[in-house]
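All of these numbers come straight from a predicted model, not from anything done at the bench. Just so we're on the same page: letters track the sequence lines, and every chain starts at 1.
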There are 2 protein chains.
Amino acid sequence: MKYLIAEDELDLQQSIVTYLQRDGNICEVASDFGEASEKAAIYDYDVIILDINLVTGSGLDVLKTLKKEKKRAGVIIISANNSLTDKLEGLDLGADDYITKPFHLAELNSRINAVLRRGKYGGDEIMEFNEIKIDTKSRTAYIDGKAMALTRKEYDLLVFFISNKGRVLSKEIIAEHLWGDDSDLLDNFDFIYVHINNLRKKLTAEGAKYIKTAYGSGYKFIED
Amino acid sequence: MKYLIAEDELDLQQSIVTYLQRDGNICEVASDFGEASEKAAIYDYDVIILDINLVTGSGLDVLKTLKKEKKRAGVIIISANNSLTDKLEGLDLGADDYITKPFHLAELNSRINAVLRRGKYGGDEIMEFNEIKIDTKSRTAYIDGKAMALTRKEYDLLVFFISNKGRVLSKEIIAEHLWGDDSDLLDNFDFIYVHINNLRKKLTAEGAKYIKTAYGSGYKFIED
DNA sequence: ATTTCGTCTTTAGAATATATTTAGAATCAA
DNA sequence: TTGATTCTAAATATATTCTAAAGACGAAAT
């Protein structure tokens, strides 16, 4: 695998490089944003490890470059502290995962593996739909950067919708996915109405009207 | 350097010893957990290579001994399978790295070098979360510079939370990591409530309300 | 356009599931 | 043995999920 490590703390940079090279990986480094952006634009990396608190420039630039150049590198953001805003920033930047300092190299390693594994299966750590962002790690959904207070079923429902956005989901399918073979319930699906309603309320409270009723067939999550 | 190789597959054990001795290292071996624990407690090793699938005893014991005796040996776990839980468990147990069978000796060697090199950064010395600092060497947690009087379980719980900050940890996962496969307990998880409660009390006594309940899913350690 | 019927929405609250807290018994370590 | 720690058990508290029922809406038939 080929990595770009954009980190200006040189001993940390070196630790990561050594750790990754140990497994036969190819590493390139960047110590400031200019260098990081440039390399990210030109070369194809499998994973980019990006410290958003580099002294020069803005982390957005590097990620924008990646999007513009349609680079498919997985991005793991290193952030110095774990405040909510930083985390949200991480989500906004479109990173695949984030890790907060200080961390164990082995922990970084398992995140890298998760990101690489994901490329194949597509199970994202962070999901997005317009102003809605879901951090599956903390099981928290954000709307316009604000954490939503969702119950477990509401959260599961939202995740299911977003991972099937645009597709009509029948009550049967939804029930099967959220309740499994709990056959007591599967006679009627009235309870779905209630959960849909509750989730809708919380979404529309923030101005998001994404759950459309497909009369007679189900629901779909889609732009107005 | 001085090594302890705790491995009961004798030809593998011998291979490792020969490989390391060729570079002028001192090696001692142990073929069961009793021997490994005893030697680990008495002698000072730079690196301990520990097969967690030894037939006798529990891998926890050796690592617990190391913690109790405040031994600073780096630990590399050899594990027979490579499931994620095993990996995480290994890290949680305080190991510095892990390697899964089968492996090339050269790979083991580079892991050893990484572990030796590490000490520097990310060495498992100090963990931090806002005003909380944990000195893993002395197993002491400080809050605003003040040492907290934590019991073992409370300390372990706090470390587990902070090393997985932001992530929802189910009671099952917590139990698995703090109690291992002690299957007597794993039927119900009520005792978790008590430890959470106790830890919370001690944290909130200092104004830190970081343990959030994720109703129905678990707990997470996170900014308010 | 009106009726009709099946489908969906909405609400309130009952039932259930989950979490907190306390006290004390059992266990462990010094 | 003693004191600290850990676990058990039970009460209390809280949150979620489901049921039920009344009304609104959509679509097809008249």
When B:Gly216 and A:Ser217 are each assigned the nearest nucleotide of DNA chain C, the 5'-most assignment goes to A:Ser217
B:Asp190 CG - C:dA19 P separation (whole Å) | 10 Å
Residue pairs passing the salt bridge (charged side-chain N to carboxylate O under 4.0 Å, His left out) test with at least one member in residues 156-171 of chain A, sequence neighbours excluded, are A:Arg139-A:Asp156
Please name all residues satisfying side-chain contact (heavy atoms from CB on, under 4.5 Å) with A:Glu206, sequence neighbours left out, ordered by chain then number.
-> A:Ile143, A:Lys146
Whole-Å distance separating the CD1 atom of A:Ile192 from the C1' atom of D:dA20 | 17 Å
Which part of the nucleic acid, if any, lies within reach of A:Tyr219 when heavy atoms closer than 4.0 Å are counted: base, sugar-phosphate only, or nothing?
-> sugar-phosphate
B:Lys201: side-chain contact (heavy atoms from CB on, under 4.5 Å) partners, not counting sequence neighbours | B:Asn197, B:Asn198
For the side chain to side chain contact (heavy atoms under 4.5 Å, CB included) test, which of B:Leu158, B:Val159, B:Thr151 pairs with B:Tyr155?
-> B:Val159
Listed partners of B:Gln14 passing side chain to side chain donor-acceptor pair (under 3.5 Å), at least two apart = none
Below 4.0 angstrom from OP1 or OP2 of D:dA15, is there any side-chain N or O of A:Thr151?
-> no
A:Asn130 versus A:Glu223, side-chain donor and acceptor atoms under 3.5 Å | yes
Over how many whole Å does the gap from A:Leu199 atom CG to D:dT17 atom C1' extend?
-> 15 Å
Among D:dC7, D:dC18, C:dT9, find the nucleotide with the atom closest to the side chain of B:Phe191.
-> D:dC7
Mind checking side-chain contact (heavy atoms from CB on, under 4.5 Å) for A:Asp190 and listing every partner two or more places apart, or none if nothing turns up?
-> A:Asn188, A:Tyr193
For atom CZ of A:Phe189 and atom P of C:dT9, their distance in whole Å = 16 Å
Rounded to whole angstrom units, what separation is found between the NZ atom of B:Lys212 and the P atom of D:dT14?
-> 17 Å
At under 4.0 Å, does any side-chain N or O of A:Thr213 touch on OP1 or OP2 of C:dT7?
-> no
From the list D:dT17, D:dC18, C:dA19, which nucleotide is the closest neighbour of the side chain of A:Trp179?
-> D:dC18
Taken in chain and number order and not counting sequence neighbours, the residues that satisfy side chain to side chain donor-acceptor pair (under 3.5 Å) with B:Lys202 are B:Glu154
What is the ring orientation for B:Phe129 with B:Phe221, classed by angle as parallel under 30°, tilted 30 to 60°, or perpendicular over 60°?
-> perpendicular
For B:Arg139 and C:dA29, give me the distance from atom CZ to atom P, rounded to whole Å.
-> 13 Å
Report the end-to-end axis angle of the helix from C:dA1-D:dT30 to C:dA30-D:dT1; each axis comes from five terminal pairs, and the value is rounded to 10°.
-> 40°
Any N/O pairs under 3.5 Å between the protein and nucleotides 11-17 of chain C? List them or say none.
residue, atom, partner, partner atom, Å
C:dA17, N3, B:Tyr215, OH, 2.9

B:Lys171 NZ to D:dC7 P, straight-line distance once rounded to whole Å | 16 Å
Quick one: which residue pairs count as a side chain to side chain donor-acceptor pair (under 3.5 Å) with a foot in residues 211-221 of chain A, not counting sequence neighbours?
-> A:Arg200-A:Thr213
With nearest nucleotides of DNA chain D determined for B:Tyr193 and B:Leu150 from heavy-atom distances, which residue corresponds to the more 5′ nucleotide?
-> B:Leu150
Measure the distance from NZ on A:Lys202 to C1' on C:dT9 and round it to the nearest whole Å.
-> 17 Å
Phosphate OP1/OP2 of D:dC7: any B:His195 side-chain N/O under 4.0 Å = yes
